[in-house]
Amino acid sequence: MRTVPKDATQWSVRAMAAAQKVSSATVQRIWKKHKLQPHRVESFKVSNDPQFARKVRDIVGLYLNPPDKAIVLSVDEKSQIQALDRTQPILPLRPGLPERRTHDYQRHGTTTLFAALNVLEGTVIGTCLPKHRHQEFVQFLDRIEQSVHSDLDVHLVLDNYGTHKHPAVKKWLAVRPRYHVHFTPTSSSWLNQIERWFAEITRKRIRRGTFHTLRDLTKAIQDYIRLYNKNPKPFHWVASASRIIRKVRKYKETSDTGV
């Protein structure tokens, strides 16, 4: 766990076996027993937001105990979605053969998906716009205003992207007192549930999609949202704020001490 080979960044079974003069099977058995996987690596980012605990309690509180006569919307934009078209026709799925496609592609422009996830119901308000500036975000807020019943307060969960804090956005919110903004801690977009929904639409509709035009891409996204809203599935948040804060503190201690 504390050494690496002279010619590599991590140990392999064969390299360890040769260095320790034991069989590869012995190394595999020991690694399996101690759950060691040097071939794998994961990324992480610990928030340094001084108000991390307060913001976590605020947002998790909205998820676990939504306020009465109000709607909680997890809001963000997925920018630079590319309309990619393969250079040759796709070979379809066949018995014994997966779908095959060329490794290269043609780009037909990009779009930005603005989306708001109703945390309680699971439904999504979404629209595609050419850019992701504050002008487009205000336009999307207008869309939310038209979609949410006027008797309800609106709680918006947002990340710290500059567009969300632009003076024009603040002005829009100031004249609509029923809106309440809750910012996630810095480097903590995982706290925003819309990110999980973005992962779903990317996996199911965008990543393997082939789009001959930007219009095809936009239509595919809109169709997905329409079908999804017919049978929405809200995400059930289970981690308490205290549990999250404890885990982050533990990771910080590990990062600081290396143990």
Side-chain angles (χ1 to χ4, degrees), residues 8-10 12-14 37-45 73-119 121-133 135-137 139-140 143-144 147 157-159 161 163-164 187-237:
T9 57
Q10 74 284 331
S12 68
V13 169
R14 290 184 177 85
Q37 300 175 323
H39 64 286
R40 295 184 60 195
V41 63
E42 295 182 350
S43 60
F44 77 98
K45 177 71 174 179
L73 297 177
S74 177
V75 180
D76 203 0
E77 56 273 333
K78 182 176 178 61
S79 62
Q80 297 296 310
I81 306 175
Q82 299 186 78
L84 300 181
D85 185 14
R86 299 295 159 176
T87 57
Q88 296 178 21
I90 293 176
L91 299 179
L93 174 72
R94 296 174 56 189
L97 289 174
E99 177 184 277
R100 289 166 292 170
R101 58 181 58 195
T102 59
H103 68 278
D104 55 346
Y105 47 79
Q106 296 176 329
R107 295 184 177 92
H108 296 296
T110 62
T111 189
T112 294
L113 170 59
F114 289 80
L117 172 71
N118 184 324
V119 170
E121 297 179 357
T123 54
V124 170
I125 302 168
T127 188
C128 289
L129 296 170
K131 298 181 180 180
H132 55 107
R133 304 166 301 174
Q135 294 95 324
E136 285 76 22
F137 186 60
Q139 186 176 340
F140 182 58
R143 171 77 181 277
I144 292 175
S147 303
V157 178
L158 296 166
D159 65 19
Y161 184 48
T163 295
H164 302 153
S187 305
S188 301
S189 59
W190 47 266
L191 200 57
N192 197 337
Q193 288 197 34
I194 191 63
E195 296 293 345
R196 183 66 189 85
W197 186 84
F198 281 155
E200 286 292 295
I201 189 174
T202 300
R203 178 177 65 86
K204 292 182 177 180
R205 191 62 189 91
I206 297 175
R207 182 176 293 136
R208 286 181 57 174
T210 298
F211 310 104
H212 303 299
T213 65
L214 186 59
R215 180 177 295 180
D216 289 342
L217 170 61
T218 301
K219 184 178 183 302
I221 292 172
Q222 292 171 339
D223 288 346
Y224 178 89
I225 295 173
R226 177 175 52 81
L227 292 172
Y228 174 85
N229 283 338
K230 288 183 177 180
N231 185 29
K233 296 180 180 178
F235 302 112
H236 296 288
W237 193 272

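Since the model is a prediction, treat every value here as computed from it, not as a measurement. Only heavy atoms go into these numbers, but all of them, side chains included; no hydrogens, no water, no symmetry mates.
With salt bridges taken as basic N to acidic carboxylate O contacts below 4.0 Å, none links Asp216 and Lys219.
Considering every non-hydrogen atom in both Thr112 and Pro130, the closest pair reads OG1-O, 4.4 Å. What you find for Phe114 and His132 is that their closest heavy atoms are CZ-CA, 3.8 Å. The shortest heavy-atom contact between Glu77 and Tyr161 is OE2-CD2, 3.2 Å. Shown here for Ala115 and Ile194, the closest heavy-atom pair between the two residues is CB-CD1, 3.9 Å. Nearest heavy atom pair, residue Arg205 against residue Ala220, reads NH2-CB, 3.4 Å. The shortest heavy-atom contact between Lys233 and Tyr228 is O-OH, 3.4 Å.
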Chi angles and distances behind the side chain to side chain contact (heavy atoms under 4.5 Å, CB included) call for Lys78, Thr202: CA-CA 10 Å; Lys78 182 176 178 61; Thr202 300; 3.1 Å; yes
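A donor-acceptor pair under 3.5 Å links the side-chain atoms of Asn229 to the main chain of Val124, judged by distance alone. Checked by atom type and distance alone, the side chain of His164 pairs as donor or acceptor with a backbone atom of Asp159 at under 3.5 Å. In this structure, Arg133 contributes its side chain and Thr163 its backbone to no donor-acceptor pair below 3.5 Å. For Tyr105 (side chain) and Thr210 (main-chain N/O), no donor-acceptor pair under 3.5 Å exists by modelled atom type.
Side chains of Leu73 and Asn118 form a contact here, defined as non-hydrogen atoms less than 4.5 Å apart. Side-chain contact check for Trp237 versus Arg196: every heavy-atom pair is 4.5 Å or farther apart. Taking the side chain as every heavy atom from C-beta outward, Thr213 and His108 never approach each other to under 4.5 Å. Val119 is not listed as a side-chain neighbour of Val157, based on a closest heavy-atom distance of 4.5 Å or more.
A donor-acceptor pair shorter than 3.5 Å can be found between the side chains of Asp104 and Thr87.
Partner of Leu91 under the side chain to side chain contact (heavy atoms under 4.5 Å, CB included) criterion, out of Arg101, Glu99, Arg100: Arg100 alone.
Taking the six-membered ring for Trp and thresholds of 30 and 60 degrees, Phe137 and Phe140 have ring planes inclined between 30 and 60 degrees apart.
Taken to the nearest 0.5 Å, the CD1 atom of Ile201 stands 6.0 Å off from the OH atom of Tyr224.
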